[in-house]
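Worksheet for the structure shown next.
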Amino acid sequence: MTHWDVHHLPRADGKTFLVTGGNAGIGYFAAEQLAGTGATVLLGSRDATKADAAMASIRSRVPDAKLGHLRLDLSGLSSIKSSVDSLEIGRLDAVVCNAGVLLEDQPRRETTEGHELTFATNHLGHFVLVHHLMPLLTAAEAGRVVTTGSFVGKSAELDLDDLQSKRDYQPKRTYARSKLTQMLFAFELDRRLRAAGSSVLSVVDHPGGALDSLTPSRPVHPAPHGRKFPAGLLLQGKEAGAWPAVRAALDPAVRGGEMYGPRVFGLRGEPRREPVRGKLADTELAARVWAASVGLTGVEVTR
């Protein structure tokens with residue numbers, strides 16, 4: 001592996017990246033870091049006011065940042081095509097599929113299209129988004145789909161007969177299952193892209209343990225209060241949580257089907273390539289998740 005310095009990223013002038021959920025949290029810091037490379041960074045967000053605030057925050061640190069907002073509601077699958085059609089670009093060098101929701105202490109909710117909200121936002125919306133973005137990704141010299149999974153997703157157990165948690169909804173478990181589904185989709189996507197001879201790569205990243213209390217202050221993220229010790233010994237903030245996604249999007253040494261996460265126990269530190277094993281390496285499970293996703297959305301991402 002080549003040496004990777006999170007504080008001295010390679011230039012990406014002329015490239016265009018889309019970060020879903022780029023107005024807050026890990027997505028915000030991924031957008032900020034990518035903007036510092038000279039690339040054009042589009043923030044995918046439902047809320048124009050929040051996107052404007054995020055772009056102003058990025059410009060306070062990267063004055064010459066090239067930024068834009070894509071109005072994007074991942075929970076509304078039927079709206080995604082029109083959002084992509086509104087993009088006035090000829091190619092897309094990478095999409096960072098980062099946006100996600102965790103509805104703690106709330107009852108199960110469905111979208112207007114009848115999908116469970118967490119699963120729809122975290123997985124189905126990105127499945128549909130990547131489908132519609134594929135022509136733009138293919139037009140790039142080496143487009144990338146970067147899917148942000150989760151450490152908790154690695155140990156989740158899927159019920160393929162109840163992907164929408166109709167029988168046993170528990171917010172944190174539903175979230176973990178949705179992230180496992182995302183990662184399985186990303187690995188299966190790369191297998192299909194390779195089989196089709198595509199130049200587009202699909203890569204997985206995860207942020208480790210990224211806490212608000214350890215995150216540096218920004219105009220859209222005020223300085224947290226409270227003690228940082230001892231959590232800081234094992235976990236990290238959301239700025240560092242964005243490092244694996246940024247490496248997956250930028251590093252020329254990255255290959256399709258790889259996964260990147262924090263160096264120290266997969267929880268904190270600089271990003272490194274991780275082994276893909278266990279459920280994440282289960283090709284039969286991934287193929288079944290793919291088929292279920294096609295059935296629920298009506299789209300086929302790639303041929």
Candidates N122, L124, T121 - the one meeting side-chain contact (heavy atoms from CB on, under 4.5 Å) with S75: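 The single option meeting the side-chain contact (heavy atoms from CB on, under 4.5 Å) with S75 is T121.
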Taking all heavy atoms of [X] and all of [Y], pick out the closest pair and write down the distance.
X: V130; Y: C97; value: CG2-SG, 4.0 Å
X: M183; Y: L280; value: CB-CD2, 3.9 Å
X: N98; Y: G27; value: ND2-CA, 3.2 Å
X: N23; Y: G44; value: OD1-O, 4.4 Å
X: Q33; Y: A242; value: NE2-CB, 3.8 Å
X: V62; Y: G36; value: CG1-CA, 4.0 Å

Ion pair present between [X] and [Y], side-chain N to carboxylate O less than 4.0 angstrom?
X: R218; Y: E239; value: yes
X: K279; Y: E157; value: yes
X: E274; Y: K154; value: yes
X: R273; Y: D251; value: no

Are [X] and [Y] linked, directly or through other ILVMFWY residues, by side chains that come within less than 4.5 angstrom of each other?
X: L180; Y: L103; result: no
X: Y175; Y: V204; result: no
X: L163; Y: V152; result: no
X: L285; Y: F119; result: yes
X: I89; Y: I80; result: yes

Distance check, rounded to the nearest 0.5 Å: [X] atom [atom1] versus [Y] atom [atom2]?
X: E270; Y: H3; atom1: CD; atom2: NE2; answer: 7.0 Å
X: S293; Y: H131; atom1: OG; atom2: NE2; answer: 13.5 Å
X: S198; Y: R192; atom1: OG; atom2: CZ; answer: 13.5 Å
X: L137; Y: H132; atom1: CG; atom2: NE2; answer: 13.0 Å
X: R59; Y: D64; atom1: CZ; atom2: CG; answer: 10.0 Å
X: L92; Y: T138; atom1: CG; atom2: OG1; answer: 10.5 Å

Any idea how H123 and F185 line up, ring-wise: parallel (<30°), tilted (30 to 60°), or perpendicular (>60°)?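 H123 and F185: perpendicular rings.
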Quick one: does [X]'s side chain have a donor or acceptor within less than 3.5 Å of a partner on [Y]'s backbone?
X: E113; Y: S78; value: yes
X: R247; Y: W4; value: no
X: R144; Y: A248; value: yes
X: S83; Y: R71; value: yes

Test side chain to side chain contact (heavy atoms under 4.5 Å, CB included) on K166 and R108 and set out the steps. CA-CA 8 Å; K166 292 183 178 180; R108 183 181 182 279; 3.4 Å; yes
Under 3.5 Å, which donor-acceptor pairs do the side chains of residues 47-54 form with other protein atoms, sequence neighbours left out?
unit_1, atom_1, unit_2, atom_2, d
D47, OD1, T49, N, 2.9
D47, OD1, K50, N, 3.1

Does a side-chain heavy-atom distance below 4.5 Å link [X] with [Y]?
X: T148; Y: P207; result: yes
X: Y28; Y: K238; result: no
X: D205; Y: W243; result: no
X: F127; Y: V294; result: yes
X: P262; Y: P244; result: yes
X: L42; Y: T16; result: yes
X: S199; Y: E141; result: no
X: L133; Y: L87; result: yes

Would you sort out whether K15 and T37 count as a side chain to side chain contact (heavy atoms under 4.5 Å, CB included), showing the intermediate values? CA-CA 9 Å; K15 292 190 174 183; T37 69; over 6 Å; no
Which of these passes salt bridge (charged side-chain N to carboxylate O under 4.0 Å, His left out) with D159: R167, R288, R173? R167
I'd like to know whether F17 forms a side chain to side chain contact (heavy atoms under 4.5 Å, CB included) with L250, so could you lay out the CA-CA distance, the side-chain angles of the two residues, the decisive distance to 0.1 Å, and finally the verdict. CA-CA 10 Å; F17 302 114; L250 286 177; 3.7 Å; yes
Show your reasoning for whether side-chain hydrogen bond (donor to acceptor under 3.5 Å, both in side chains) applies to H126 and T147. CA-CA 9 Å; H126 283 116; T147 297; over 6 Å; no
Before giving the answer on side chain to side chain contact (heavy atoms under 4.5 Å, CB included), spell out for L160 and V289 the whole-Å C-alpha distance, their side-chain angles and the decisive distance to 0.1 Å. CA-CA 7 Å; L160 288 168; V289 164; 3.8 Å; yes
Would R191 pass as a cation-pi partner of W290, given that its NZ or CZ must be under 6.0 Å from the six-membered ring centre and within 45 degrees of the axis? no
K66 atom NZ, over 12 foreign heavy atoms within 6.0 Å: yes
Taking atom types as modelled and ignoring hydrogens, do the side chains of E116 and T174 form a donor-acceptor contact shorter than 3.5 angstrom?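 Their side chains do not contain a donor-acceptor pair, so the 3.5 Å distance test is not met.
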